[in-house]
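Per chain, numbering begins at 1; letters A, B, ... match sequence-line order.
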Amino acid sequence: MSTPKKFMQVFDRLYAAYGPQQWWPGDTPFEIMVGAVLTQNTSWTNVVKGIENLKANQALDPQAIVDTHAKRLAKWLTPVGYFNVKARRLKNYCTWYLHAGQFEELAKQDTHTLRESLLSVNGVGPETADDILLYAFDRPVFVIDAYTRRLFSRLAYVSEAEKYESLRASFENKLQKQNDKVRLFNEYHALIVNHAKYFCKTKPACEHCCLKTQCQY
DNA sequence: AACCAGGAGACAT
DNA sequence: ATGTCTCATGGT
């Protein structure tokens with residue numbers, strides 16, 4: 001149905017409109033991992049405040065997070081929203097992360113093994129896992145999020161009902177022949193998220209406005 | 001003042 | 001396998 005060329009044309013238009021995005025916002029792989037968990041169904045501006053709180057308490061560290069009582073952790077995560085679940089999820093993640101030997105050991109694993117291991121953590125679903133794989137471990141996986149679904153279903157390149165794994169496989173397949181997929185996937189997902197600011201606000205959305213820099217409808 | 005944000009898990013059907 | 005509910009603050 002949609003050709004690989006179309007998927008690159010969308011990328012080219014987004015890149016031409018917005019330029020390189022310099023993702024993921026975060027200084028270290030671990031900070032990226034924390035951000036990936038905290039941003040679940042949450043705006044990034046809220047996540048920043050939570051990460052600032054962690055930093056201010058010397059708690060942007062896996063051992064510190066494991067050692068911090070959930071109640072105290074949740075308090076730091078207040079501005080993030082879902083602070084009780086996310087405190088629990090962060091602790092789950094950090095327990096796994098420390099047990100697995102942190103970045104150095106995990107970086108030795110092949111992408112599939114690492115992905116399955118990430119998904120075994122309670123609180124890490126497919127999108128969070130792929131955020132971490134792409135942005136912390138530089139693996140060529142295409143992240144599917146709500147914006148990706150919305151944009152490409154509005155463009156009628158995919159159906160709204162398509163499931164996560166199917167979409168991911170589809171995107172990765174369409175872009176298989178591109179070189180430097182890590183960089184491409186990195187920019188592509190970031191551009192889609194950035195572009196979401198300009199999504200058509202009308203309901204139902206018009207089908208053709210979603211790739212214009214400024215929707216005038 | 002409703003509505004949504006860079007999802008995921010528990011649970012019922 | 002597929003729906004529905006819950007989690008929660010902050011910005012429009």
Side-chain angles (χ1 to χ4, degrees), chain A residues 10-11 14 18 20-26 29 31-54 56 70-97 115-137 139 141-154 158-168 171 184-205 210 214-215:
Chain A
V10 172
F11 173 81
L14 291 171
Y18 308 120
Q21 298 297 300
Q22 317 283 353
W23 265 36
W24 181 287
E31 182 173 342
I32 291 168
M33 297 167 191
V34 170
V37 171
L38 295 186
T39 199
Q40 290 167 0
N41 202 39
T42 299
S43 62
W44 185 253
T45 54
N46 283 9
V47 174
V48 169
K49 298 172 186 177
I51 291 179
E52 289 306 314
N53 286 343
L54 293 177
K71 189 78 180 176
R72 186 168 160 81
L73 191 53
K75 188 155 217 162
W76 296 336
L77 298 180
T78 298
V80 177
Y82 305 125
F83 43 78
N84 287 317
V85 276
K86 282 177 178 173
R88 192 165 60 239
R89 287 176 183 179
L90 263 192
K91 286 170 78 70
N92 289 344
Y93 184 84
C94 290
T95 300
W96 167 85
Y97 189 60
R115 188 168 196 274
E116 290 304 307
S117 188
L118 281 162
L119 290 172
S120 75
V121 180
N122 187 307
V124 177
E127 185 186 337
T128 305
D130 290 342
D131 279 337
I132 293 171
L133 285 166
L134 178 59
Y135 291 104
F137 288 101
R139 304 304 174 91
V141 301
F142 200 99
V143 177
I144 306 296
D145 67 345
Y147 296 149
T148 309
R149 290 177 177 282
R150 204 174 306 168
L151 174 58
F152 286 90
S153 63
R154 284 181 187 179
V158 303
S159 74
E160 309 112 35
E162 209 164 335
K163 308 181 72 173
Y164 189 98
E165 292 304 328
S166 168
L167 275 177
R168 184 172 71 88
F171 273 85
L184 174 64
F185 294 176
N186 179 321
E187 283 296 339
Y188 210 151
H189 176 64
L191 284 165
I192 291 168
V193 174
N194 180 264
H195 178 61
K197 290 186 283 197
Y198 306 105
F199 275 3
C200 184
K201 298 273 193 299
T202 67
K203 292 180 182 176
C210 296
Q214 285 154 340
C215 177

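Side-chain atoms of A:Asp130 never come within 3.5 Å of backbone atoms of A:Val141 as a donor-acceptor pair (strictly under, hydrogens ignored). Side chain of A:Glu127 to main chain of A:Val143: no donor-acceptor pair is present (N/O by atom type, distance under 3.5 Å, no hydrogens or angles).
Taking the side chain as every heavy atom from C-beta outward, A:Val193 and A:Trp23 approach each other to under 4.5 Å. Residues A:Phe152 and A:Leu167 form no side-chain contact, since every pair of their non-hydrogen atoms from C-beta on lies 4.5 Å or further apart.
The interatomic distance linking A:Asn122 (CG) with B:dG7 (P) rounds to 18 Å, in whole Å. Rounded to an integer number of Å, the gap from OH of A:Tyr164 to P of B:dG7 is 10 Å. For the pair A:Lys86 NZ and B:dG7 P, the computed distance is 9 Å after rounding to whole Å. Straight-line distance from the CG atom of A:Leu38 to the P atom of B:dA8: 13 Å, rounded to whole Å. As rounded to whole Å, 14 Å separates atom P of B:dG7 from atom CG of A:Leu167. Atom CG of A:Leu90 and atom P of B:dG7 are 16 Å apart (whole Å). Atom CG in A:Asp131 sits about 10 Å away from atom C1' in B:dG7, given to the nearest Å. Between A:Asn41 atom CG and B:dG9 atom P the separation is 13 Å, expressed in whole Å.
The listed nucleotides are B:dG9, B:dA8, C:dG10; the one nearest the side chain of A:Pro126 is B:dA8. If you check B:dA10, B:dG7, C:dT9 against the side chain of A:Gln40, the one that comes closest is B:dG7. You'll find that the side chain of A:Tyr82 is closest to C:dA8, out of B:dG7, C:dA8, C:dG10. Considering only the side chain of A:Glu127, B:dG7 comes nearest among B:dG7, B:dA5, C:dG10. Proximity note for A:Arg89 (side chain, C-beta onward) versus B:dG9, C:dC7, C:dG10: the nearest is B:dG9. Here the nucleotide nearest the side chain of A:Thr128, chosen from B:dG9, C:dA8, B:dG7, is B:dG7. Here C:dT9 is the nucleotide among B:dG7, B:dA5, C:dT9 with the atom lying nearest to any side-chain atom of A:Thr78.
With respect to the salt-bridge test (charged N to carboxylate O, under 4.0 angstrom), the residues A:Arg168 and A:Glu165 qualify.
Rounded to whole Å, the separation between the P atoms of B:dA10 and C:dA8 comes to 15 Å. Rounded to whole Å, the separation between the P atoms of B:dC4 and C:dC5 comes to 15 Å.
Here A:Val121 lies in heavy-atom contact (under 4.0 Å) with sugar-phosphate atoms only. Nucleic acid contact class of A:Val80 (heavy atoms, under 4.0 Å, all strands): none. Note on A:Val85: only backbone sugar-phosphate atoms sit closer than 4.0 angstrom, heavy atoms only; bases stay farther off.
When only modelled atom types and interatomic distance are considered, A:Thr148 and A:Asp145 share a side-chain donor-acceptor pair under 3.5 Å.
Place A:Asp145 and A:Leu119 on DNA chain B by their nearest nucleotides, and A:Asp145 ends up nearer the 5' end. Each of A:Thr42 and A:Lys49 lies near DNA chain C, and the nucleotide nearest A:Thr42 is the one positioned closer to the 5' end.
Heavy atoms from other residues, nucleotides or ligands lying under 6.0 Å from CZ of A:Arg149 number more than 12.
Taking side-chain N and O atoms only, A:Arg88 has no distance below 4.0 Å to OP1 or OP2 of B:dA10.
Just one residue in the list A:Tyr164, A:Tyr188, A:Phe11 forms a ring pair (Phe, Tyr, Trp, His ring centres under 6.0 Å) with A:Phe142, and that residue is A:Tyr188.
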Tabulate atom names and distances for all N/O pairs under 3.5 angstrom spanning the protein and nucleotides 2-4 of chain C.
residue: C:dT2; atom: OP2; partner: A:Lys163; partner atom: NZ; Å: 3.0

